[in-house]
Amino acid sequence: MIGHIQELIENALEHLQAKGEFNLDQTPTINIERTRSKDHGDYASNVAMMLAKPLKMNPRAIAEKIIAELTDTSHVSKVEIAGPGFINFYLTDACRLQVIKKILKQKHDFGNQELGAEHKITVEFVSANPTGPLHVGHGRGAAFGSSLCNVLKKVGYDVHAEYYVNDHGRQMDILAMSVWLRYLELCGEQITFPVNGYKGEYIVDIARKVRQKFGDDFRHGQVEVFAQVSPDETEGGDKELHVDDLVLNAKDILGKGYAKIFKIALKTILTGIEDDLEEFAVFYDEWFSEKSLHEGDTIERALAILEKGGHLYKKDGALWFNATHFGDEKDRVVMRENGLKTYFASDVAYLLNKFERGFEKSVYVFGADHHGYIPRLKAATKALGFDADKIEILLVQFAHLFKGGEKLKMSTRSGEFVTLRELVDEVGCDAARFFYVMRSHEQHLDFDMDLAKSQSNDNPVYYIQYAHARICSIIRKLEEQNMTHNIEIGHVSLELLVEEQEHDLIKALSQYPEVVEKAAVNFSVHSIANYLRELAQLFHSYYNAHQVQIDNENLRNARLNLCLATRYVLADGLALLGSSAPQEMRAEDKPEL
RNA sequence: GCGCUCGUAGCUCAGUAGGAUAGAGCGGUUGCCUCCUAAGCAAUAGGUCGGGGGUUCGAUUCCCUCCGAGCGCGCCA
């Protein structure tokens with residue numbers, strides 16, 4: 001529709017230009033937008049104001065000339081000049097009502113678009129280190145990333161959701177070592193647990209698993225385990241050195257056994273993460289192992305490309321990437337003096353891998369604390385010879401958790417955190433998903449656990465689901481009234497929908513494709529949530545103002561068509577956000593306050 | 001210190017590729033269940049869009065500056 005009006009104005013301008021009334025060097029971009037207030041019609045253009053300066057004419061006079069030249073006005077019932085020079089367009093009723101037929105025909109495909117043109121796009125999100133269960137801090141990235149994938153699919157992208165598994169490196173070693181120490185405690189050894197070890201209860205669970213499977217196979221005396229280990233922080237030493245020494249000892253003492261413990265720890269935690277995410281309606285196409293980059297030749301090849309481009313140099317025994325050349329604030333080490341590749345080297349390799357797999361675009365969803373990574377990843381992209389626009393890095397601001405009025409601190413290491421699973425169990429997946437994405441991802445989010453748990457009916461998701469359930473209920477109960485729903489009768493009777501609430505609802509429905517497109521282009525998933533709330537609000541108003549189950553067959557079927565169309569859009573929007581659309585909501589399910 | 005992000009109603013937040021009278025929820029006040037689910041509806045109060053300057057026909061939106069908040073600045077992962 002916007003395109004149609006755009007065309008009308010373009011033609012008018014051409015005519016005026018040809019007649020010599022206007023003398024423009026170039027045709028301006030014509031801006032058509034939805035009006036905010038219905039007093040201003042359905043669509044408006046500011047083109048007259050834009051032309052005021054180059055034409056040196058009064059905007060209202062320009063608008064008059066343009067309107068006089070509008071030709072095909074079959075879809076437009078009224079055009080008027082308003083305010084400083086806006087041209088407002090009013091659509092005909094027939095045109096407006098069309099959307100109901102369209103939705104009932106397309107159903108859940110309504111709003112689908114070809115914007116993405118089936119381009120391959122990857123979205124990487126969460127990618128938390130597999131050193132413990134996901135906590136509520138990870139929830140926002142999970143909810144946002146997952147919903148973003150849904151939205152991008154809806155507009156036609158071939159979306160590939162990925163979780164980058166950091167199954168390589170020091171943190172994983174500390175994890176395996178922590179499990180072993182807990183295992184030794186279970187065997188009856190006296191162990192002083194390191195300050196910097198992983199302390200969560202889940203570590204003991206894994207240790208128990210190891211013991212079940214291997215019995216006392218990995219049991220060694222306390223003296224041997226702590227031999228030659230530098231003192232921990234509690235004894236005036238360095239906690240980092242202390243754990244590193246313990247890891248070295250573990251590897252020495254256990255030999256092949258070390259890999260077995262490592263494997264059980266990784267697998268247990270990763271499976272747990274997968275289960276938690278599944279419970280949260282978050283699904284991945286690929287769990288990408290960092291270790292696979294080390295085991296293959298991707299890192300070497302990535303570094304070779306940088307080397308060939310002259311972007312690597314040696315300094316102080318380490319190998320550096322010349323990131324400042326590409327706009328980063330400092331150069332980055334890719335290989336340390338001790339010969340170990342840095343985490344950043346893996347990142348570059350993973351980036352290369354994504355390009356090699358043919359992705360048109362790579363989207364990264366990062367926590368806000370990772371914003372420092374943007375320049376270096378962009379730098380690496382350019383140095384690898386790709387366009388920096390091919391990667392899109394989205395920062396999700398922190399969700400601050402409040403419990404009992406206190407701000408909670410999250411620490412995986414100390415084991416003090418609320419897990420995502422606990423949240424989902426208490427609040428429910430629908431509410432949790434919605435709560436996380438109802439605010440812009442760029443905005444800090446205050447997540448009040450008490451509110452979410454104890455008064456979850458305040459959550460707008462219930463409001464939207466209720467609108468959906470009400471529609472289902474209307475349709476379900478038709479039979480009790482000896483009534484039927486005939487879509488064809490409804491279609492030919494649509495012009496009977498003359499109530500203000502019906503107009504408003506129809507208008508909102510017609511906006512859905514635009515809302516989806518905007519959400520995809522701007523990565524603003526939350527605008528879907530806002531839209532759904534507005535749509536639900538319009539429906540609830542309508543529901544209270546007018547009866548659907550009425551004797552007048554034509555009007556009844558027209559209204560049922562409108563209700564059904566609303567139902568499809570509500571259900572589809574909720575699905576994009578990862579929430580369900582229940583057929584009914586019972587009062588007795590309402591949480592006690 | 002340098003850098004990134006943010007500042008809109010009592011609270012939590014929408015809105016801004018510059019547009020017409022800045023919106024919603026919660027909280028406050030007042031009404032509505034012999035009628036398709038009251039997890040609902042209707043009405044009402046509440047604002048110097050952090051302060052100041054600039055660009056423009058027009059700025060909450062863009063630029064500068066100041067104030068305030070969060071985060072980041074390792075041969076860690």
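All chains are named by letter (A, B, ...) in the order of the sequence lines, taking the proteins before the strands, and each is independently numbered beginning at 1. From a predicted model like this one, the values you see are computed outputs, not experimental measurements.
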For [N], what is the paired nucleotide under Watson-Crick or G-U wobble rules, both distances under 3.5 Å?
| N | result |
| --- | --- |
| B:rU60 | none |
| B:rC32 | B:rG40 |
| B:rG10 | B:rC26 |
| B:rG3 | B:rC71 |
| B:rU55 | none |

Check your understanding: Would a distance-only check, ignoring hydrogens and angles, find a side-chain to backbone donor-acceptor pair under 3.5 Å from A:Arg60 to A:Gly83?
Key ->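 Such a contact is found between A:Arg60 side chain and A:Gly83 backbone.
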Using a heavy-atom cut-off of 4.0 Å across all strands, would you classify [X] as base, sugar-phosphate, or nothing?
| X | answer |
| --- | --- |
| A:Asp244 | nothing |
| A:Ala545 | nothing |
| A:Ala52 | nothing |
| A:Ser473 | base |
| A:His540 | sugar-phosphate |
| A:Ala44 | base |
| A:Lys314 | nothing |

Exercise for review: Please work out which of the three classes, parallel, tilted or perpendicular, describes the rings of A:Phe321 and A:Phe326, given edges at 30° and 60°.
Suggested key: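 Ring orientation of A:Phe326 relative to A:Phe321: parallel.
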Practice item. Specify whether A:Tyr543 and A:Phe539 have parallel, tilted or perpendicular ring planes, treating 30° as the upper limit for parallel and 60° as the lower limit for perpendicular. Key: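 A:Tyr543 vs A:Phe539 ring planes: tilted.
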Check your understanding: Are side-chain heavy atoms of A:Asp430 and A:Phe434 found at a separation under 4.5 Å?
Key ->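 A:Asp430 vs A:Phe434: side chains apart.
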Review point. Less than 4.5 Å apart, any side-chain heavy atom of A:His135 and any of A:Leu423?
Key: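 Side chain of A:His135 against side chain of A:Leu423, heavy atoms only: no contact under 4.5 Å found.
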[X] side-chain proximity, nearest of [options]:
| X | options | value |
| --- | --- | --- |
| A:Tyr463 | B:rG40, B:rA39, B:rG72 | B:rG40 |
| A:Ile474 | B:rC36, B:rG19, B:rG25 | B:rC36 |
| A:Gln547 | B:rA42, B:rC75, B:rC36 | B:rC36 |

Practice item. Compare the ring of A:Phe86 with the six-membered ring in the base of B:rA20 and state whether they stack (centres under 5.5 Å, planes under 30°). Key: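 Base of B:rA20: stacked against A:Phe86.
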Review point. Syn or anti for B:rC33, with syn set at within 90° of 0?
Key: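 Here the answer is syn: the torsion falls within 90° of 0.
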**Study point:** B:rA17, syn or anti by chi within 90 degrees of zero
**Key:**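 Judged by the O4'-C1' to base torsion, B:rA17 sits in syn, the angle falling within 90° of 0.
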Review point. Just by protein heavy atoms under 4.0 Å, how would nucleotides 27-34 of chain B read 5' to 3' in B, S and -?
Key: --------
Review point. Nucleotide by nucleotide, 5' to 3', does protein get under 4.0 Å of the base (B), only the sugar-phosphate (S), or neither (-) in nucleotides 5-14 of chain B, counting heavy atoms?
Key: SS-----BSS
Check your understanding: Are side-chain N/O atoms of A:Tyr198 and A:Gln171 paired as donor and acceptor at under 3.5 Å?
Key ->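 Yes, A:Gln171 and A:Tyr198 have a side-chain donor paired with an acceptor closer than 3.5 Å.
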Review point. Judged by modelled atom types alone, do A:Asp167 and A:Ser289 share a side-chain donor-acceptor pair under 3.5 Å?
Key: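 Yes, A:Ser289 and A:Asp167 have a side-chain donor paired with an acceptor closer than 3.5 Å.
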**Study point:** Given RNA chain B, 5'-ward residue of the pair A:Asn166 and A:Thr35, judged by closest heavy atom
**Key:**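 Comparing both residues, the 5'-ward one is A:Thr35.
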Check your understanding: Which residue lies toward the 5' end of RNA chain B, A:Ile374 or A:Gln583, if each is placed at its nearest nucleotide?
Key ->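 Final value for this comparison: A:Ile374.
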Review point. Does CE belonging to A:Met483 count more than 12 external heavy atoms closer than 6.0 Å?
Key: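 Result for CE/A:Met483: enclosed.
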Check your understanding: Given A:Tyr436 and A:Phe144, is the ring pair (Phe, Tyr, Trp, His ring centres under 6.0 Å) satisfied, shown in steps?
Key -> CA-CA 7 Å; A:Tyr436 272 125; A:Phe144 174 76; over 10 Å; no
Review point. Just how far, in rounded Å, is C1' of B:rC26 from CZ of A:Arg533?
Key: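 One finds 10 Å between C1' of B:rC26 and CZ of A:Arg533, rounded.
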Check your understanding: Can you tell me if the side-chain N/O atoms of A:Ser527 get under 4.0 Å from OP1 or OP2 in B:rG15?
Key ->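 Looking at the OP1 and OP2 atoms of B:rG15, neither is under 4.0 Å from any side-chain N or O of A:Ser527.
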Review point. With A:Asp244, which residues qualify under salt bridge (charged side-chain N to carboxylate O under 4.0 Å, His left out), at least two apart?
Key: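 Expected list: A:Arg170.
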